[in-house]
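Here's the structure, in structure tokens; my notes come after.
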Amino acid sequence: MNSSTATESKLFTIKGLFLAWLRIGLTSFGGGTVTQYLIQESFIYKRQWITGEEYAKIMAMSQIVPGINIIAYTILIGKRLGGWTGIGVSLLGLILPSAAITVGISSIYASFSEVPKVQASLRTVFAAIFGIAIATSWRNVQPIITNNRNRGVLAMGVTLVILIGSALVYVCFNPPVFLLYLFGGLCGALAYSYMAKKERRMD
Amino acid sequence: MDWILFFTVVLKAVLFSTGGFGPLPSLHHDFISHGWASEKQFTEALSVGQVTPGPNGLWVVSLCYLVAGVPGALLASIALLLPPFCVLIVQYFHTRIASKAATQGLLDGVVLVIVSFSIIVLTGIFRSNGLDIAMIAIAVLSAALAISRRVSANMILVLAALFGLILG
């Protein structure tokens with residue numbers, strides 16, 4: 001069966017795996033949710049190489065990793081379909097062309113960045129990015145705040161302490177950032193453990 | 001350029017964070033203090049990152065290219081690809097750790113700190129580009145549109161770019 005991108009073959013080949021990721025890498029504009037959608041389309045619906053349940057497990061496991069979680073999806077899907085070769089080929093397909101395009105666009109920016117119109121565009125685009133980042137941050141934080149508001153005063157208190165405390169420490173002392181990530185993570189882990197124990201005792 | 005130091009700094013930023021913007025506070029702190037990058041380069045890299053295809057986080061490749069050329073971009077790509085391999089460890093232990101309250105607490109705690117820092121750093125970069133009514137209005141409008149989900153993020157950026165061309 002022909003494994004060209006025009007007819008997405010349901011028969012698995014390593015080449016097909018590479019092409020699937022290449023396509024995702026080249027058409028993924030607009031961030032993580034779009035990439036996820038494309039992954040679902042490509043692997044679950046069109047090629048049917050993984051099931052919805054497998055995908056759900058992959059999604060859950062990928063939340064608990066450092067770095068870009070989409071890359072974790074790529075690694076797990078690649079491993080599932082083709083072992084270590086599958087991992088290598090998947091990562092190459094996703095990253096190589098998009099990183100190359102990124103470098104290309106960056107170098108064009110570098111050449112044109114002194115042009116006044118480009119500078120003006122850069123400022124306005126960044127203002128929009130800032131706004132979108134505020135929206136994204138709010139969407140990341142909102143489920144945590146909602147959950148913890150429902151769990152009670154302690155949960156909400158810990159949330160606010162971590163949020164505001166880390167901001168204050170960062171602004172006043174400018175410490176190494178990862179130390180505070182670890183500190184926030186530890187606070188969260190300890191607090192949630194404690195609350196879970198309390199909730200179990202109350203059952 | 002001390003490439004080992006450079007790679008370590010980038011890897012550290014990615015390893016101790018999560019998500020596309022995650023490495024921002026750490027990279028900002030280190031690149032500025034080493035004198036490797038300017039605020040403007042951060043602005044450029046973040047903007048390029050929104051415009052290129054592929055997963056979030058490629059702005060790091062853009063920044064490292066602006067700062068250190070193709071070798072920088074290469075090292076950044078490797079630094080981005082390594083930390084997610086931790087998922088293989090997660091997979092191994094999955095049933096034992098995923099359900100623990102502590103795991104969720106760790107995740108939530110880190111997310112809260114990242115959000116808090118990201119807003120502070122992004123505000124700093126935003127201010128360094130020059131504050132005026134137009135910029136603030138664009139930021140507020142973009143945030144509102146993004147939250148409402150009526151307009152896609154890509155469309156917001158295209159409109160902002162066009163607006164900039166008209167203004168500039």
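This structure is a prediction, so every number in the text was calculated from the model and none was measured.
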Hey, could you give me the CD/CD1 distance between B/Glu44 and A/Ile105, rounded to the nearest 0.5 Å? 13.0 Å
CG on A/Leu186 to CG on B/Leu106, rounded to 0.5 Å: 7.5 Å
Contact check, side chains of B/Lys40 and A/Gln119, non-hydrogen atoms, under 4.5 Å: yes
Please rank B/Ala143, B/Ser118, B/Ala134, B/Gly124 by heavy-atom pairs under 4.5 Å with chain A and give me the top one. B/Ala143
Interatomic spacing from OG in B/Ser47 to OH in A/Tyr109 - rounded to 0.5 Å: 5.0 Å
A side-chain contact here means heavy atoms from C-beta on lying under 4.5 Å apart; do B/Val121 and A/Tyr170 qualify? yes
If you tally heavy-atom pairs under 4.5 Å between each of A/Val65, A/Ile71, A/Ile75, A/Leu96 and chain B, the highest tally belongs to A/Ile75
Using non-hydrogen atoms and a 4.5 Å limit, figure out which bit of A/Ala191 sits close to chain B: side chain, backbone, both or neither. neither
dist B/Leu157:CG -> A/Ile129:CD1 (nearest 0.5 Å) comes out at 5.5 Å
Taking atom CZ as the centre, does B/Phe7 end up with more than 12 heavy-atom neighbours from other residues, nucleotides or ligands that are less than 6.0 angstrom away? yes
Of A/Ser106, A/Ala120, A/Gly188, the largest count of non-hydrogen pairs under 4.5 angstrom with chain B goes to A/Ser106
Derivation and outcome, side chain to side chain donor-acceptor pair (under 3.5 Å), residues A/Lys57 and B/Gln91: CA-CA 9 Å; A/Lys57 282 212 184 102; B/Gln91 190 180 36; over 6 Å; no
How close do A/Ile162 and B/Gly109 get, counting heavy atoms only, and between which atoms? CG2-O, 4.0 Å
Side chain, backbone, both or neither of B/Val140 within contact of chain A (heavy atoms, under 4.5 Å): neither
Could you look at B/Thr123 and say if it's the side chain, the backbone, both or neither that has a heavy atom under 4.5 Å from chain A? both
Using a cut-off of under 4.5 Å on heavy-atom pairs, state which of B/Leu88, B/Leu141, B/Leu66 scores highest against chain A. B/Leu88
Pick from B/Val61, B/Val111, B/Thr43, B/Ile136 with the largest number of heavy-atom pairs that fall under 4.5 Å of chain A: B/Thr43
Straight-line distance of A/Ser121 OG to B/Phe163 CZ, nearest 0.5 Å: 11.0 Å
Considering all heavy atoms of both residues, which atom of B/Ile138 and which atom of A/Ala128 are nearest to each other, and what is their separation? CG2-N, 3.8 Å
Identify which of A/Ala196, A/Ala135, A/Ser166 forms the greatest number of heavy-atom pairs closer than 4.5 Å to chain B. A/Ser166
Of the non-hydrogen atoms in B/Leu122 and A/Ala133, which two are nearest, and what is the gap between them? CD1-CB, 3.5 Å
Heavy-atom distance under 4.5 Å to chain B: side chain of A/Asn147, backbone, both or neither? neither
Between A/Gly165, A/Pro116, A/Ser107, A/Gly104, who has the most heavy-atom pairs with chain B when the cutoff is under 4.5 Å? A/Ser107
Do A/Thr159 and B/Leu112 have side chains that approach each other closer than 4.5 Å (heavy atoms only, starting at C-beta)? yes
How about residues 87-95 of chain A versus chain B: which residues have heavy atoms under 4.5 Å apart? A/Ile87, A/Leu91, A/Leu94, A/Ile95
For the residue pair B/Met135 and A/Ala127, what are the closest heavy atoms and their distance? O-CB, 3.7 Å
Can you measure from CD1 (B/Ile119) to OG (A/Ser137) and round to the nearest 0.5 angstrom? 4.5 Å
Tell me whether A/Thr124 contacts the main-chain N or O of B/Ala160 through its side chain, where contact means a donor paired with an acceptor under 3.5 Å. yes
Between B/Leu74, B/Leu81, B/Leu167, who has the most heavy-atom pairs with chain A when the cutoff is under 4.5 Å? B/Leu81
Do side-chain atoms of A/Arg123 reach the backbone of B/Gly164 as a donor and acceptor pair under 3.5 angstrom? no
For B/Tyr65, is it the side chain, the backbone, both, or neither that has a heavy atom closer than 4.5 Å to a heavy atom of chain A? side chain
Heavy-atom proximity to chain A below 4.5 Å, by part of B/Val51: both
Which of the residues A/Ile134, A/Val115, A/Leu122 is involved in the greatest number of heavy-atom pairs with chain B at under 4.5 angstrom? A/Leu122
Nearest heavy-atom pair of A/Gly184 and B/Val113: which atoms, and what distance? CA-CG2, 3.7 Å
Got more than 12 heavy atoms from elsewhere within 6.0 Å of CE, B/Met1? yes
Pairwise side-chain contact, A/Thr27 with B/Pro53, heavy-atom cut-off 4.5 Å (strictly under): no
Residue from B/Val60, B/Leu15, B/Val70 scoring the most non-hydrogen pairs under 4.5 Å with chain A is B/Leu15
For a side-chain contact (heavy atoms from CB on, under 4.5 Å) check, start with the C-alpha distance between A/Leu180 and B/Phe16, then their side-chain angles and the critical distance, and finish with the verdict. CA-CA 10 Å; A/Leu180 279 179; B/Phe16 291 102; over 6 Å; no
Derivation and outcome, side-chain contact (heavy atoms from CB on, under 4.5 Å), residues A/Asn69 and B/Thr18: CA-CA 7 Å; A/Asn69 66 352; B/Thr18 166; 5.6 Å; no
Contact winner vs chain A - B/Ala73, B/Ser17, B/Gly69, B/Ala13, heavy-atom pairs under 4.5 Å: B/Ser17
Using non-hydrogen atoms and a 4.5 Å limit, figure out which bit of B/Ile120 sits close to chain A: side chain, backbone, both or neither. side chain
State yes or no: are the ring centers of B/Phe126 and A/Phe130 separated by less than 6.0 Å? yes
Nearest heavy-atom pair of A/Ile68 and B/Gly57: which atoms, and what distance? CD1-CA, 3.9 Å
In terms of heavy-atom contacts, does NZ of A/Lys197 have more than 12 from other residues, nucleotides or ligands at under 6.0 Å? no
Looking at A/Gly131, A/Ser193, A/Cys187, A/Ala72, which has the largest count of heavy-atom pairs under 4.5 Å with chain B? A/Gly131
